[in-house]
Amino acid sequence: MSDDSFLAPLQSRSAMIHSGEAQARHAGKEDMHVISSQEGGILTLVATPIGNLGDISARAVECLNEADLILCEDTRTSAKLLQAHGIKTRTRPLHDHNEQERIPGLLELLEQGRRIAVISDAGTPLMSDPGYRLVRAVIAGGGHVTAVPGANAAVMALTLSGLPPHPFMFCGFLPPRDSARRENLSVLRAAEQAGLSATIIWHEAPHRLAEMLASLAEVFGPERPAAVARELTKRFEEVRRGPVGELVAHYLDHAARGEITVVLGPPPADDTGSRDLDTHLREALKTLSIKDAASLVAGIVNLPRRTVYARALELTRDAG
């Protein structure tokens with residue numbers, strides 16, 4: 001569907017209620033999208049249930065009913081929620097493949113005073129879903145963005161995990177390929193070795209859960225405490241807690257189903273990772289170049305060479 005056909009019904013409706021003065025105000029600004037937070041419309045990010053359809057606020061239902069347009073990650077998925085609460089507002093898809101091309105038309109609707117709501121398939125919009133580029137565009141144009149808060153799977157999993165609730169990091173989804181996933185995790189482990197101490201949270205697909213947990217065990221150690229939260233707020237809600245190594249063994253034998261969030265506890269207080277990295281580097285730098293020292297130590301501490309190289313540069317600068 002083209003942008004023109006996507007926006008035409010709302011644009012024609014808006015044209016009937018806006019004066020020629022408003023049209024003149026925007027004349028000659030085809031390449032600019034200036035939105036007044038007082039005169040223009042409003043973009044509202046609306047949190048939706050992560051499982052149980054009853055977990056939607058009265059304010060969220062009111063906002064969706066009053067909106068001129070609801071942008072959904074998947075209109076078919078959202079239809080179940082909207083029908084359950086008698087919401088008949090027009091819906092249109094907004095996902096990674098069409099978001100950028102639809103931004104100009106959506107900004108025009110906001111300039112015309114329309115009210116647009118954004119929802120994801122489940123939970124708080126933008127956390128692991130489309131919408132970020134649209135929000136940035138509205139903000140850049142001086143537009144009005146607000147939100148109706150609600151369910152969030154990452155925060156719920158954190159509170160049920162029994163792991164330290166703060167500080168925490170939410171990292172979305174890890175890369176699906178093993179090499180990219182391991183490199184991503186190694187950067188986080190390097191950050192721990194530089195002093196980071198936080199509970200880390202990811203979403204994961206059920207068919208990749210066992211592999212992902214195995215990567216966690218390899219990079220962070222099999223004894224690191226963790227939790228796997230599955231099907232939160234639904235009938236078969238489950239939170240399994242334990243060392244990463246034990247969780248790997250369980251999910252290798254028991255295939256997971258449903259929506260999954262993984263929570264990894266912070267390193268123990270006696271973690272010697274940062275001291276070990278710096279000790280090895282200082283010793284290697286006595287006789288080797290920065291490049292060679294980084295290559296040698298990377299193999300010893302099981303971290304990416306470029307990460308170790310960056311730390312070697314820091315140590316050399318500090319020493320200088």
same_hphob_cluster([X], [Y]) at 4.5 Å side-chain heavy-atom cutoff:
X	Y	result
Val263	Leu232	no
Val244	Leu196	yes
Tyr251	Phe173	no
Leu160	Leu209	no
Val187	Leu185	no

Hey, does the side chain of [X] reach the backbone of [Y] with a donor-acceptor pair shorter than 3.5 angstrom?
X	Y	value
Thr44	Thr146	no
Thr89	Leu64	yes
Ser161	Leu163	yes
Thr233	Asn52	yes
Arg240	Leu247	no
Glu231	Arg257	no
Thr124	Met127	no
Glu62	Ala58	no

As an exercise, state the distance from [atom1] of [X] to [atom2] of [Y], rounded to the nearest 0.5 Å.
X	Y	atom1	atom2	answer
Leu71	Leu69	CG	CG	4.5 Å
Leu288	Leu296	CG	CG	6.5 Å
Ile50	Asp121	CD1	CG	13.0 Å
Leu315	Arg282	CG	CZ	5.0 Å
Asn65	Ile70	CG	CD1	7.5 Å
Leu216	Arg189	CG	CZ	12.5 Å

Looking only at non-hydrogen atoms, find the nearest pair between [X] and [Y] and report the distance.
X	Y	answer
Leu53	Lys80	CD1-O, 4.4 Å
Pro167	Ser197	CG-O, 3.4 Å
Arg224	Gly265	NH1-O, 2.8 Å
Pro267	Ala198	CD-N, 4.5 Å
Thr48	Ser120	OG1-O, 3.5 Å
Ala312	Leu285	O-CD1, 4.3 Å

Would Leu45 and Val135 count as a side-chain contact (heavy atoms from CB on, under 4.5 Å) if you check the C-alpha gap in whole Å, the side-chain angles of each, and the deciding distance to 0.1 Å? CA-CA 9 Å; Leu45 311 178; Val135 168; 4.0 Å; yes
With sequence neighbours excluded, give me every salt bridge (Lys or Arg N to Asp or Glu O under 4.0 Å) pair touching [range].
range	answer
residues 136-152	none
residues 122-133	Glu99-Arg133
residues 152-178	Asp178-Arg181

Residue pairs, two or more places apart or on separate chains, that pass ring-ring contact (aromatic ring centres under 6.0 Å, His included) and touch [range]:
range	answer
residues 205-244	none
residues 92-130	His95-His97
residues 111-140	none
residues 293-320	none

Ion pair check, Glu204 and Arg230, cut-off under 4.0 Å: no
Between Glu314 and Arg311, does at least one N-O distance fall below 4.0 Å, as a salt bridge requires? yes
Heavy atoms of other groups near Lys291 NZ, more than 12 under 6.0 Å: no
In this structure, are over 12 heavy atoms from other groups packed under 6.0 Å from Glu73 atom CD? yes
For His254, enumerate each residue passing the ring pair (Phe, Tyr, Trp, His ring centres under 6.0 Å) test, keeping only those at least two apart in sequence or located in another chain. His250
Any side-chain heavy atom of [X] within less than 4.5 Å of one from [Y]?
X	Y	value
Ile260	His203	no
Pro93	Cys72	no
Glu246	Pro243	yes
Thr199	Leu158	yes
Lys234	Glu259	yes
Cys171	Ile200	yes

Results of salt bridge (Lys or Arg N to Asp or Glu O under 4.0 Å) for Glu183 - residues two or more places apart only: Arg306
Could you walk me through whether Leu264 and Trp202 pass the side-chain contact (heavy atoms from CB on, under 4.5 Å) check? CA-CA 9 Å; Leu264 182 75; Trp202 298 271; 3.7 Å; yes
Test side-chain contact (heavy atoms from CB on, under 4.5 Å) on Gln83 and Lys88; report intermediate values, then the result. CA-CA 7 Å; Gln83 290 171 4; Lys88 299 179 180 179; over 6 Å; no
Could you walk me through whether Ile56 and His85 pass the side-chain contact (heavy atoms from CB on, under 4.5 Å) check? CA-CA 9 Å; Ile56 188 169; His85 293 279; 3.3 Å; yes
Applying side-chain contact (heavy atoms from CB on, under 4.5 Å) between Leu43 and each of Leu134, Leu106, Leu107, report the one that passes. Leu134
Just jot down the side chain to side chain contact (heavy atoms under 4.5 Å, CB included) partners of Ser295, sequence neighbours excluded, or say none. Arg305
Residues two or more places apart in sequence or in another chain: which of them pass side chain to side chain contact (heavy atoms under 4.5 Å, CB included) with Pro175? Ala180, Asn184
Side-chain donor-acceptor distances from residues 148-157 under 3.5 Å, at least two apart:
unit_1	atom_1	unit_2	atom_2	d
Asn152	OD1	Ala154	N	3.0
Asn152	OD1	Val155	N	2.9

